[in-house]
A.B. asks: 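Dumping the structure here so I can ask a few things about it.
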Amino acid sequence: MSRRAQAASLAGWLLLGGCSSSLEKLDEAVVLERPDMTLKVVHYHESVPLSYEGDRYSVFCRSPRTEAAYARADREPGWRPLGELAHDNERLPARAFVETVRDDYRMHGTGVMSWSAIAFNVTWDACGRVAVWDPSRLPPVFIDPVAKPDYCRPVGSGDCRYHDFQNDRRPRYALHAVTPSGHVDFGVRTAALTRGMQVSTETAGRVWHVVPGATEPERAYSVESLQRLDAATIDDRIRPTLLRQWFDTALPAAAGAMVVWSPDRLECAGRAAGDRAAAVPTCVALSVTNKWGDEARLVLWRSSAGTGWHSGEIVREGTVLAVDGLADLPGAIRRAEP
């Protein structure tokens, strides 16, 4: 082979073999070690040709609940990854981040821990399952978006939801309570949202409940009275139960549902069954979102005859689908897992 051919062959090898990404583990540091779980920071050096060259720091959790589930993980077998701390080029050791992690990852009892970045996270079983409340899944009416590049939807195909919550728009969480029973309650504020939010769950994150700050002094209901409505009076196919409890038990766990309680007064159009004497004077709207980005909009009427169903629809990838009644909602927000 001529020298020119050898050089061409070497250049081709460098282009093919020299452009692969690499991730090298440099060191690690244990943040906490308890009988129920262990938390650590791992320091890597990452090389992504034509994109990034530098260090990254990842947080991992291990317990009996993670060891089998993550036994075949590419990185840190038996450990569940919880998130990234930083990327830099200073080659700081992992131990430099121990105190930061210890402050940000808060323990609330055996196996119960919470932490936040853009989303709020909590585990009740030592990181076996992580429940996530993600502000980007709120209905668009509550999000004040930033301008996005053309590669983002709807112009392009990129998922750029988190652009709205970066830098000085990153959410600030105020944790009020976490209990081993699966209850958590916190507030969230950010310039990315049009209102402050109070968020809670009684079901370890199976269903989240969100109460936006009020914008109108007059409401058709207080949030508390709306949550305590009997779901059977809205749809006679449902057995008597408080509306909030019905959402908790009826909405499918796989949907990652978020119920937004914003009972501002609306004007209803037309008449409602059971109140034929006069036009319905008052309606209230609720929203239910799922992890796939669908949004169900539910409108209830209130009149002298009581409370009932006015209308409902679900917006799925730009298509509007009718929801005939409250009992149809669980099926409407469910999707087959890929």
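Model, not experiment: these values are computed from the prediction. Computed over heavy atoms, backbone and side chain alike; hydrogens, waters and symmetry mates excluded.
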A.B. asks: Could you pull out the closest heavy-atom pair between W124 and A131, with the gap in Å?
C.D. replies: CZ3-CB, 3.9 Å
A.B. asks: Step by step, would you call T123 with D125 a side chain to side chain donor-acceptor pair (under 3.5 Å)?
C.D. replies: CA-CA 6 Å; T123 178; D125 63 352; 3.1 Å; yes
A.B. asks: Would you find a donor on one side and an acceptor on the other, under 3.5 Å apart, between the side chain of D230 and the backbone of T241?
C.D. replies: yes
A.B. asks: May I ask you to check whether W261 and F247 place their ring centres under 6.0 Å from each other?
C.D. replies: yes
A.B. asks: Could you tell me the separation between the OG1 atom of T289 and the CD1 atom of I314, rounded to the nearest 0.5 Å?
C.D. replies: 10.0 Å
A.B. asks: Hey, mind stepping through M197 and F142 against side chain to side chain contact (heavy atoms under 4.5 Å, CB included) and telling me if it holds?
C.D. replies: CA-CA 10 Å; M197 307 279 173; F142 295 111; 3.7 Å; yes
A.B. asks: Between H45 and E24, does a side chain to side chain donor-acceptor pair (under 3.5 Å) hold up when you go through it step by step?
C.D. replies: CA-CA 5 Å; H45 183 75; E24 176 190 4; over 6 Å; no
A.B. asks: On the 0 to 90° scale, with breaks at 30° and 60°, tag the H43-Y57 ring pair as parallel, tilted or perpendicular.
C.D. replies: parallel
A.B. asks: Please check if the side chain of W309 supplies one atom and the backbone of D324 the other of a donor-acceptor pair under 3.5 Å.
C.D. replies: yes
A.B. asks: Answer yes or no: is there a donor N or O on one side and an acceptor on the other, between the side chain of D328 and the main chain of G325, under 3.5 Å?
C.D. replies: yes
A.B. asks: Do W246 and P330 make a side-chain contact, defined as non-hydrogen atoms from C-beta onward lying under 4.5 Å apart?
C.D. replies: yes
A.B. asks: Please say whether more than 12 non-hydrogen atoms of neighbouring residues, nucleotides or ligands are located less than 6.0 Å from CG in D74.
C.D. replies: no
A.B. asks: Within the 4.5 Å heavy-atom criterion, are E46 and S21 side-chain neighbours or not?
C.D. replies: no
A.B. asks: Answer whether the closest heavy-atom distance between the side chains of E76 and P81 falls below 4.5 Å.
C.D. replies: no
A.B. asks: Minimum heavy-atom separation for S63 to A126, with atom names?
C.D. replies: OG-O, 2.9 Å
A.B. asks: Any non-hydrogen side-chain atom of V259 less than 4.5 Å from a side-chain atom of V210?
C.D. replies: no
A.B. asks: Verify the cluster assignment for I238 and L251: are they in a single hydrophobic cluster under the rule of side-chain heavy atoms below 4.5 Å apart?
C.D. replies: yes
A.B. asks: May I ask you to test the L298-V288 pair for a side-chain heavy-atom distance under 4.5 Å?
C.D. replies: yes
A.B. asks: Measure the spacing between OG1 of T233 and CG of L300 and express it to the nearest 0.5 Å.
C.D. replies: 9.0 Å
A.B. asks: Establish, from distance only, whether the side-chain atoms of S200 and R244 form a donor-acceptor pair under 3.5 Å.
C.D. replies: yes
A.B. asks: Ring of Y44, cation from R75 - is the NZ or CZ under 6.0 Å from the centre and inside 45° of the axis?
C.D. replies: yes
A.B. asks: Any donor and acceptor pair, going by atom type alone, linking the side chain of D164 with main-chain N or O of A192 inside 3.5 Å?
C.D. replies: no
A.B. asks: Can you find a pair of side-chain heavy atoms, one from V146 and one from R169, that are under 4.5 Å apart?
C.D. replies: yes
A.B. asks: Where is the tightest heavy-atom contact between I333 and A296, given as atom of each residue plus distance?
C.D. replies: CG2-CB, 4.3 Å
A.B. asks: Using the ring pair (Phe, Tyr, Trp, His ring centres under 6.0 Å) definition, which of the options F165, Y173, W133 pairs with F120?
C.D. replies: Y173
A.B. asks: Checking side-chain polar atoms at under 3.5 Å, does T201 have a donor or acceptor matched by the opposite partner on H209?
C.D. replies: no
A.B. asks: Evaluate the side chain to side chain contact (heavy atoms under 4.5 Å, CB included) criterion for residues S136 and Y162: first the C-alpha distance (whole Å), next the side-chain angles of each, then the deciding distance (0.1 Å), finally the verdict.
C.D. replies: CA-CA 7 Å; S136 73; Y162 295 117; 3.7 Å; yes
A.B. asks: Do V130 and L39 belong together in a cluster built from hydrophobic side chains that touch within less than 4.5 Å?
C.D. replies: yes
A.B. asks: Has T203 got a side-chain atom pairing as donor or acceptor with V207's backbone, closer than 3.5 angstrom?
C.D. replies: yes
A.B. asks: Using modelled atom types only, decide if a donor and an acceptor are shared between the side chain of W208 and the backbone of V132 within a distance under 3.5 Å.
C.D. replies: yes
A.B. asks: Nearest 0.5 angstrom please: D55 CG to L85 CG, how far?
C.D. replies: 12.5 Å
A.B. asks: How close do P93 and D27 get, heavy atom to heavy atom, and via which atoms?
C.D. replies: C-OD1, 3.8 Å
A.B. asks: Would you find more than 12 non-hydrogen atoms of other residues, nucleotides or ligands less than 6.0 Å from R95 atom CZ?
C.D. replies: no
A.B. asks: List the atom of G187, the atom of H176, and the distance in Å for their closest heavy-atom pair.
C.D. replies: N-NE2, 3.5 Å
A.B. asks: Report the relative orientation of the aromatic rings in W115 and Y105; use parallel for angles under 30°, tilted for 30 to 60°, perpendicular for over 60°.
C.D. replies: parallel
A.B. asks: With a 4.5 Å cut-off on side-chain heavy-atom distances among I, L, V, M, F, W and Y, is there a chain of contacts connecting V59 to L26?
C.D. replies: no
A.B. asks: Minimum heavy-atom separation for R206 to A253, with atom names?
C.D. replies: NE-CB, 3.5 Å
A.B. asks: CZ of R129: more than 12 outside heavy atoms within 6.0 angstrom?
C.D. replies: yes
A.B. asks: Ignoring hydrogens and angles, tell me if any N or O in the side chain of T319 forms a donor-acceptor pair with the backbone of V315 under 3.5 Å.
C.D. replies: no
A.B. asks: Same cluster for V184 and I118 if Ile/Leu/Val/Met/Phe/Trp/Tyr side chains link at under 4.5 Å?
C.D. replies: yes
A.B. asks: Is the closest side-chain heavy-atom distance between V30 and T38 below 4.5 Å?
C.D. replies: yes
A.B. asks: What verdict does the side chain to side chain contact (heavy atoms under 4.5 Å, CB included) test give for M107 and V112, after you've listed the backbone C-alpha separation in whole Å, the side-chain angles of each residue and the deciding distance to 0.1 Å?
C.D. replies: CA-CA 6 Å; M107 299 298 302; V112 185; 5.9 Å; no
A.B. asks: More than 12 non-hydrogen atoms from neighbouring residues, nucleotides or ligands closer than 6.0 Å to CZ on R237, yes or no?
C.D. replies: yes
A.B. asks: Roughly how far, to the nearest 0.5 Å, is the CG atom of L242 from the CG atom of L226?
C.D. replies: 11.5 Å
A.B. asks: Kindly indicate whether the side chain of P135, heavy atoms from C-beta on, has any atom under 4.5 Å from the side chain of V188.
C.D. replies: no
A.B. asks: Does R80 offer a backbone N or O that forms a donor-acceptor pair with the side chain of R62 under 3.5 Å?
C.D. replies: no
A.B. asks: Group every Ile, Leu, Val, Met, Phe, Trp and Tyr by side-chain heavy-atom contacts under 4.5 Å, then state whether V41 and L92 land in the same group.
C.D. replies: yes
A.B. asks: Using a 3.5 Å distance criterion without hydrogens, assess whether the side chain of T190 forms a donor-acceptor pair with backbone atoms of L193.
C.D. replies: no
A.B. asks: Is D36 reaching over with its side chain to a backbone N or O of G111, donor-acceptor style, under 3.5 angstrom?
C.D. replies: yes
A.B. asks: Go through D185 and V178 one step at a time and tell me if the side chain to side chain contact (heavy atoms under 4.5 Å, CB included) criterion holds.
C.D. replies: CA-CA 7 Å; D185 179 11; V178 184; over 6 Å; no
A.B. asks: List the steps and the verdict of salt bridge (charged side-chain N to carboxylate O under 4.0 Å, His left out) for K40 and E33.
C.D. replies: CA-CA 9 Å; K40 71 177 180 180; E33 191 163 14; over 6 Å; no
